[in-house]
Number of protein chains: 2
Amino acid sequence: MLDILGRTHDHLSANDIFVALHPSYPHLGLTTVYRTLDLLANLDLVIRFDFGDGRSRFELAEKVKGDRHHHHLICTGCRKIIDYRDFHDKEMELIEATQKKLARRYRFKISNHLMQFFGLCEQCAKRK
Amino acid sequence: MLDILGRTHDHLSANDIFVALHPSYPHLGLTTVYRTLDLLANLDLVIRFDFGDGRSRFELAEKVKGDRHHHHLICTGCRKIIDYRDFHDKEMELIEATQKKLARRYRFKISNHLMQFFGLCEQCAKRK
DNA sequence: ATATTAATGATAACGATAATCAATATCGAT
DNA sequence: ATCGATATTGATTATCGTTATCATTAATAT
Ligand SMILES: [Mn+2]
Ligand SMILES: [Mn+2]
Ligand SMILES: [Zn+2]
Ligand SMILES: [Zn+2]
């Protein structure tokens with residue numbers, strides 16, 4: 001499962017993973033996929049995302065993948081998702097500053113953040 | 001419906017709204033609540049949020065409410081949600097700069113963004 | 001007033017996820 | 001290796017938010 005998630009750049013659903021695993025593990029049940037995904041998410045080895053299409057999407061955690069942090073750009077027309085890593089220089093440090101400030105002000109122990117931009121990709125914008 | 005959403009600071013689910021409306025509109029159906037919510041969301045009069053509890057949550061759009069823009073701080077322990085408006089000075093301008101940059105680079109027509117921080121509130125952090 | 005069209009809501013269907021539980025695998029001690 | 005205890009698995013069922021259907025009712029136009 002970590003392997004599957006490690007090889008792709010896609011954002012797979014539980015069922016996607018089930019299907020991807022099926023050839024190699026024909027007896028694996030969907031229940032176990034859900035269970036394991038929960039487990040891995042609690043261990044912060046995978047991240048669960050919601051992009052608004054009614055199912056959870058999973059990504060291997062950046063530290064596991066050895067990947068740089070990224071945020072998401074989501075087309076509300078065709079549901080295409082773009083990972084972007086080329087942050088504005090100040091983006092990361094600002095997020096950290098904000099995080100620190102919020103932690104202090106609201107006495108929150110912040111573990112992660114989510115930042116996504118919604119809009120229309122070029123094709124969807126044209127088509128409209 | 002806009003009225004209900006305008007009076008509260010909570011993040012109501014479709015059913016919450018249905019229940020809130022029931023005394024005044026006893027014959028109103030849940031279907032119509034869903035339908036109208038969809039409608040209002042498409043008109044950008046209300047915003048649909050997902051805080052990870054399996055149901056959509058709604059807020060009156062800031063421009064309708066005459067409210068300042070805010071982001072969310074979410075306790076993953078007790079699901080408490082804090083609206084925060086006291087941004088780091090540069091937070092908003094950074095988001096706008098990022099938005100502009102992304103729009104250009106990926107030819108996206110960005111309509112809105114979502115930024116949330118997840119963590120544990122003071123009580124939940126203690127209890128753990 | 002009457003015909004046409006749009007809005008409503010009760011009900012059923014859907015789909016993702018969670019709960020159940022019997023079957024199977026794993027482990028520890030002998 | 002053998003036996004019993006414990007943990008893991010997956011087929012099946014249940015749950016629950018949301019959506020689709022469709023007959024009924026309300027608006028609107030002629
Ligand atoms: Mn991604
Ligand atoms: Mn809010
Ligand atoms: Zn698109
Ligand atoms: Zn809490």
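Below, read A as the first sequence line, B as the second, and so on, with proteins coming before strands; counting in each chain starts at 1. Note that the structure is predicted; figures quoted are calculated from it, not measured.
- The CG atom of Leu12(A) sits 16 Å away from the C1' atom of dA16(C) (whole-angstrom rounding).
- Shown here are the salt bridge (Lys or Arg N to Asp or Glu O under 4.0 Å) partners of Asp67(A), two or more places apart in sequence or in another chain: Arg85(A).
- Formation of a donor-acceptor pair under 3.5 Å by the Thr32(A) side chain with backbone atoms of Leu28(A) is not found in this model.
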Please tabulate the protein-to-nucleotide N/O contacts below 3.5 Å involving nucleotides 13-18 of chain D, giving atom names and distances.
from	atom 1	to	atom 2	distance (Å)
dG17(D)	OP1	Arg55(B)	NH1	3.3
dG17(D)	OP1	Arg55(B)	NH2	3.4
dT18(D)	OP1	Ser56(B)	N	2.8
dT18(D)	OP1	Ser56(B)	OG	3.3
dT18(D)	OP2	Tyr34(B)	OH	2.5
dT18(D)	O5'	Tyr34(B)	OH	3.4

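- As rounded to whole Å, 11 Å separates atom P of dG10(D) from atom OH of Tyr25(A).
- Residue Asp38(A) contributes atom CG, which lies 14 Å from atom P of dT9(D) at whole-angstrom precision.
- Per the geometry, NE2 belonging to His22(A) stands 12 Å off C1' belonging to dG10(D), to the nearest Å.
- The distance between atom CZ of Arg35(A) and atom C1' of dA19(C), rounded to the nearest whole Å, is 10 Å.
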With a 3.5 Å cut-off and sequence neighbours excluded, list the donor-acceptor pairs that the side chains of residues 73-82 of chain B form with protein atoms.
from	atom 1	to	atom 2	distance (Å)
Thr76(B)	OG1	Gly119(B)	O	3.3
Arg79(B)	NH1	Phe51(B)	O	3.0
Arg79(B)	NH2	Gly52(B)	O	3.4

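- The closest side-chain donor-acceptor pair between His11(A) and Asp83(A) falls under 3.5 angstrom.
- Between the side chains of Glu96(B) and His113(B), not a single donor N or O lies within less than 3.5 Å of an accepting N or O.
- Listed pair Thr32(A) / dT9(D) fails the phosphate criterion, with no side-chain N or O lying under 4.0 Å from OP1 or OP2.
- Checked by atom type, the side-chain pair Glu59(B)/His9(B) shows no donor-acceptor distance below 3.5 Å.
- Put simply, CD1 on Ile17(A) is 11 Å from P on dT17(C), counting in whole angstrom units.
- When the P atom of dT17(C) is taken as reference, atom CG of Leu37(A) falls 9 Å away, rounded to whole Å.
- Atoms CG (Leu39(A)) and P (dA18(C)) sit 13 Å apart, rounded to a whole Å.
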